[in-house]
Amino acid sequence: MNHGLSPDPIFTPLVFRNLTVKNRVFRSNISGRFDNEDGSLTQTRINWETKFAKGGVGAIISSYVPVAMHGRIIAGYATMHRDDFIPLWEALGRAVHANGAKYIMQLSHSGRQMDLPGVHNQQRRAPSSTSSKETLHGFLTQAMSTGEISRLVQDFGRAAWRARQAGLDGVELHAANGYLFTQFLSSGINDRSDHYGGSLRNRARFLLEVISAIRSEAGSDFHLQVKLSAADHNNVIPWEGKGNTLADTIAVARWCEAAGADAIHVSTGSLFPHPLNPPGDLSLETLAVTYDAMISSGVFGFRNFLLFRFPMLRPIFRWLWFRMKKGLPIEGVTLEEARQIKAAVSIPVLCTGGFQSASFVREAITSGAVDGVSIARSLVASNDLVEQWRAGRDLPERPCTYCNKCLVNAPKNPMGCYEESRFPSREAMLEELMSIYRTKPGLRIP
Ligand SMILES: Cc1cc2nc3c(=O)[nH]c(=O)nc-3n(C[C@H](O)[C@H](O)[C@H](O)COP(=O)(O)O)c2cc1C
Ligand code: SF4
């Protein structure tokens, strides 16, 4: 297609300090229960990731990968807490590389935000105690001691070292969307009175210590990016504090750069999911049959379940959830905030949130707002989105509707697209969902 710009900015390589990616499209992190109880990854995960590499993305940023068993949000997600997992991740990296994409592992810890807190009798460790003011889920937490914080800093460093040993192309710190790093960073959540709480600089201490640990364990020439929420928008329940502002996040992004980060990946919100992330609809009808899996996620889990279960109560939740979205677009929901972060740092900036049309992404890059985009759901819907853009389409043939049924099915069902209207039949949808579970007879990962 003649888009009037040659070469097409979408297909121009993105050069980071320690990594070059062949185009500007990153598969954004997307979790699914593909793996074993002990955190070892399976062929199913390899099949899942390979689909996106074949579809032409420049790099895949993995789903949430816990650096310790007590940092999981749910069972069945591969972890990076053991040296003997290195060959498994190596097999995954090889499969992705063989299909022309790079692979960046997202290192994570849940803190208080566990979907299934009873998993393997885990206790929720978090920066703050139960007195933290969260009123949507009512997370119960136990404040981490400074000794526990130091051990966790080392766990992140060691996990990054393993990622490098496995031949992966870099790591990302999941410092967005309400997980442990957000719980330290956010003024709406962190209520510590020691040197990990109080001022923004103190709240950023844990993140900056982890960046230093990764630099000393994995080297200064290993790609390291940080996913940050541009703003917390912590007041999903209207009377809660808003939390960190864009100005706070700009300061944190600058400190990350000074500490040795190679890129910033911009998201939004102090919870996951959050009304602004992933943007779009929320199928309360689907939640009515899947949310029961999460009733124990917080002391308000059962209350929330009732709000979904009974149609006459749904307007209450709808009002809460949708009031924040007014006036904001779905495609590029965080783009303007990413533009301001990019103006304040000299490392590349990626942005996530609703990207689906080639023209919009091209403009986001050429206008200087961002260096690249990350996409989750539109790629789940159309694994070959990038190839469709290359062939000249602006939108894919059967676009993602942003219904978020993939999201609300995630705690209970296989990961994939659940929007029946995109498929010729329900059977075709189920067939597609099951396709990653097929392995060739005799196929083994080491
Ligand atoms: C089912 C599902 C699982 C997700 N898992 C993760 C995750 O593990 N880590 C993360 O940082 N973001 C996760 N996200 C957020 C996406 O990476 C992405 O930032 C968000 O969906 C907005 O992008 P999109 O509009 O292209 O989907 C997930 C999103 C969905 C829908
Ligand atoms: S279920 Fe499918 S159409 Fe709906 S948001 Fe997810 S990927 Fe998009």
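Computed over heavy atoms, backbone and side chain alike; hydrogens, waters and symmetry mates excluded. Just so you know, ligand 1 is whichever comes first in the structure, and atom 1 is the first atom listed for that ligand. These numbers were taken from a predicted model, which means no experiment stands behind them.
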Worksheet item: At a non-hydrogen distance cut-off of under 4.0 Å, which region of Y402 contacts ligand 1 (side chain, backbone, both, or neither)?
Response: neither
Discussion item. Below 4.0 Å, non-hydrogen atoms only: which portion of N277 touches ligand 1? Side chain, backbone, both or neither.
Written reply: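 Looking at N277 and ligand 1, just side chain atoms fall under 4.0 Å.
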Worksheet, complete the sentence: Given the options D232, N234, N235, S270 meets side-chain hydrogen bond (donor to acceptor under 3.5 Å, both in side chains) only with N234
Discussion item. My understanding is that only one of S267, S63, S374, S378 makes a side-chain hydrogen bond (donor to acceptor under 3.5 Å, both in side chains) with S28; could you say which?
Written reply: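 It is S374, the one option of S267, S63, S374, S378 that forms the side-chain hydrogen bond (donor to acceptor under 3.5 Å, both in side chains) with S28.
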Worksheet item: Taking 2.8 Å as the cut-off, does an N/O/S atom of C400 lie below it from atom 2 (Fe) of ligand 2?
Response: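 Coordinating: no.
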Close approach, [X] and ligand 1, non-hydrogen under 4.0 angstrom:
{"X": "M415", "value": "yes"}
{"X": "G353", "value": "yes"}
{"X": "S267", "value": "no"}

Worksheet item: Under 2.8 Å from atom 6 (Fe) of ligand 2, is there an N/O/S atom belonging to C406?
Response: yes
So, regarding [X] and ligand 1 (criterion: nitrogen or oxygen to nitrogen or oxygen, under 3.5 Å), is there a contact or not?
{"X": "S374", "answer": "no"}
{"X": "C406", "answer": "no"}
{"X": "Q106", "answer": "yes"}

Discussion item. Regarding atom 7 (S) of ligand 2: of the candidates Q356, E419, R377, E420, which has the closest heavy atom?
Written reply: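 Shortest heavy-atom distance from atom 7 (S) of ligand 2: R377.
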Worksheet entry | Heavy-atom nearest neighbour of atom 22 (C) of ligand 1 within options V408, I61, T352, N177 | T352
Fill in: Subset of ligand 2 atoms that lie under 4.0 Å from at least one heavy atom of Y418
1 (S)
Practice prompt. Report the nearest protein non-hydrogen atom to atom 8 (O) of ligand 1: residue, atom name, distance rounded to 0.1 Å.
Written response: S31 OG, 2.4 Å
Item to complete: Distance to 0.1 Å, residue and atom name: give those for the protein heavy atom nearest to atom 3 (S) of ligand 2.
Response: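 Among all protein heavy atoms, the one nearest atom 3 (S) of ligand 2 is T401 N, 3.3 Å.
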Worksheet item: Is L407 touching ligand 2 with its side chain, its backbone, both, or neither, if touching means heavy atoms under 4.0 Å apart?
Response: neither
